[in-house]
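Please read the structure below before turning to the comments.
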Amino acid sequence: MKASTTESLDIAAIRSDFPILQREVNETPLVYLDNAATSQTPEPVVETIADYYRHTNSNVERGIHQLSQEASIAYEEAHDRVAEFIGATGGREEVIFTKNTTESINIVAAAWGLEALGPGDEIVTTQMEHHSSLVTFQQLAERTGATIKFVEIDDEGYLDMDHARECITDDTKLVSVVHASNTLGTINPVAEISEIAHNHGALVLVDGAQSAPHQPIDVEAIDADFFAFSGHKMCGPTGIGVLYGKRELLESMQPYLYGGGMVRKVTYEETTFEELPWKFEAGTPVIAQGIALAKACDYLDAIGMDRIEAHGQELAAYAHDRLSSFDDIEIYGPPADDRAGLVSFNVDGVHAHDLSSIVNDHGVAIRAGDHCTQPLHDTLGIAASARASFYLYNTREEVDVLIEAIDDARQLFA
Ligand SMILES: Cc1ncc(COP(=O)(O)O)c(C=O)c1O
């Protein structure tokens, strides 16, 4: 059962699960605020990986021996656990383990898009997409002769839903939308977008890289046809991502990679493929990573995704308020009380890279650059921004350290 948002998190207990947070950087305690890029990994997940290699390591689905059977069961069950985490009642058949969000999106483009799209078809996406979908669908459009349209954002960083309704037509075959923007912190109305898309017969891909780690997900409630996310942003290991797809769609699609593990019967002339999801997991799959991702789901659910969401938003609102008190700081995206757990900003006269380097002297890790949203930065009229992104182990005191470090940078450049 999930805990209520009114209970706050026991941050001290949570932090004790993350030994890396005890580290010092530049002789000061580490303040890790780069969670939108990669989150830290709690002991139970690290232990799961170590345990797997200590006791179970073996290839899956190939051996009759004990270790292979144990690894296979754990790996299969990991798919069920991840399905449960995102509300996919179809279970393992709707959950493909990939390398990351980027690969998940590329599978949709290659295995569905190359077959389904042609000249005259349209892909609708938004101005706030991460390169992992924007570049992929730009290339898909180029290769298939389809055209790509971008739903605009308004001055506050919200999607212009009137423009979305104009862009999505009967020619639209796919709508690809980021659930929570990794730059603006906007949380998009994906259920509403799905409804508009489905009314026109289009499929919907939701990029959940920044939502799955931070809020309860129900892929069926939002009626996503595809939903993509990464393990390393949600307390899991690197090297694993997930592509959720509705079963009938995945069944109708060609495999993405061919080879061992995804086949049922092979002759010199032809091959029949395994059932879902193995049809999409050619070669030796991400065994240890998949099992560890399931453990990360256990870890997050035990704390409560609704509480994790509330905590991240509370810290982002606090950071937003404190940053707003400086009149030479520009913050991008929606107001303090309506955003995901991150804040992107610029300090007048200080390049984001310099800022990041100075706050690093204070032990603070933030992101600087375009956050893989170059076109969005162009729309905002900036080359780069600084981004602080929060997770379940961060505190208000850490935000205060960030603000002091930023103040230091302002004074250095004054
Ligand atoms: C919104 C969004 N989509 C996609 C990605 C790509 O994730 P990955 O690098 O794990 O493929 C990211 C990573 O920052 C992201 O923030």
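Both ligands and their constituent atoms are indexed starting at 1 by order of listing.
- Atom 4 (C) of ligand 1 has as its closest protein heavy atom Ser132 OG, 3.1 Å.
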Using atom types as modelled, flag every donor-acceptor pair under 3.5 Å from a side chain in residues 248-257 to any protein atom, sequence neighbours excluded.
| unit_1 | atom_1 | unit_2 | atom_2 | d |
| --- | --- | --- | --- | --- |
| Ser252 | OG | Leu249 | O | 2.7 |

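- Counting heavy atoms under 4.0 Å from ligand 1, residue His232 touches it through the side chain alone.
- With a heavy-atom cut-off of 4.0 Å, Val178 touches ligand 1 through its side chain alone.
- Side-chain N/O atoms of Asp338 and Tyr158 include a donor and acceptor closer than 3.5 Å.
- For atom 16 (O) of ligand 1, the nearest protein heavy atom (residue, atom name, distance) is Gln210 NE2, 2.7 Å.
- Put simply, the side chain of Thr186 gets close to the backbone of Gly157: a donor and an acceptor are under 3.5 Å apart.
- Atom 14 (O) of ligand 1 has Lys233 NZ, 2.6 Å as its closest protein atom, hydrogens excluded (heavy atom only).
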Kindly indicate, with the supporting measurements, whether the criterion side-chain contact (heavy atoms from CB on, under 4.5 Å) is fulfilled by Met234 and Leu300.
CA-CA 8 Å; Met234 50 179 285; Leu300 294 172; 4.0 Å; yes
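- Those atoms of ligand 1 that come under 4.0 Å of a heavy atom in Thr102, given as number and element, are 6 (C), 8 (P), 9 (O), 11 (O).
- Of all protein heavy atoms, the one lying nearest to atom 15 (C) of ligand 1 is His130 CD2, 3.2 Å.
- Contacts of Asp207 with ligand 1, taken as heavy-atom pairs under 4.0 Å, involve the side chain alone.
- Between the side chains of Thr38 and His232, at least one donor-acceptor pair of N or O atoms lies under 3.5 Å.
- Under the rule for a side-chain hydrogen bond (donor to acceptor under 3.5 Å, both in side chains), Gln138 has no partner lying at least two apart in sequence or in another chain.
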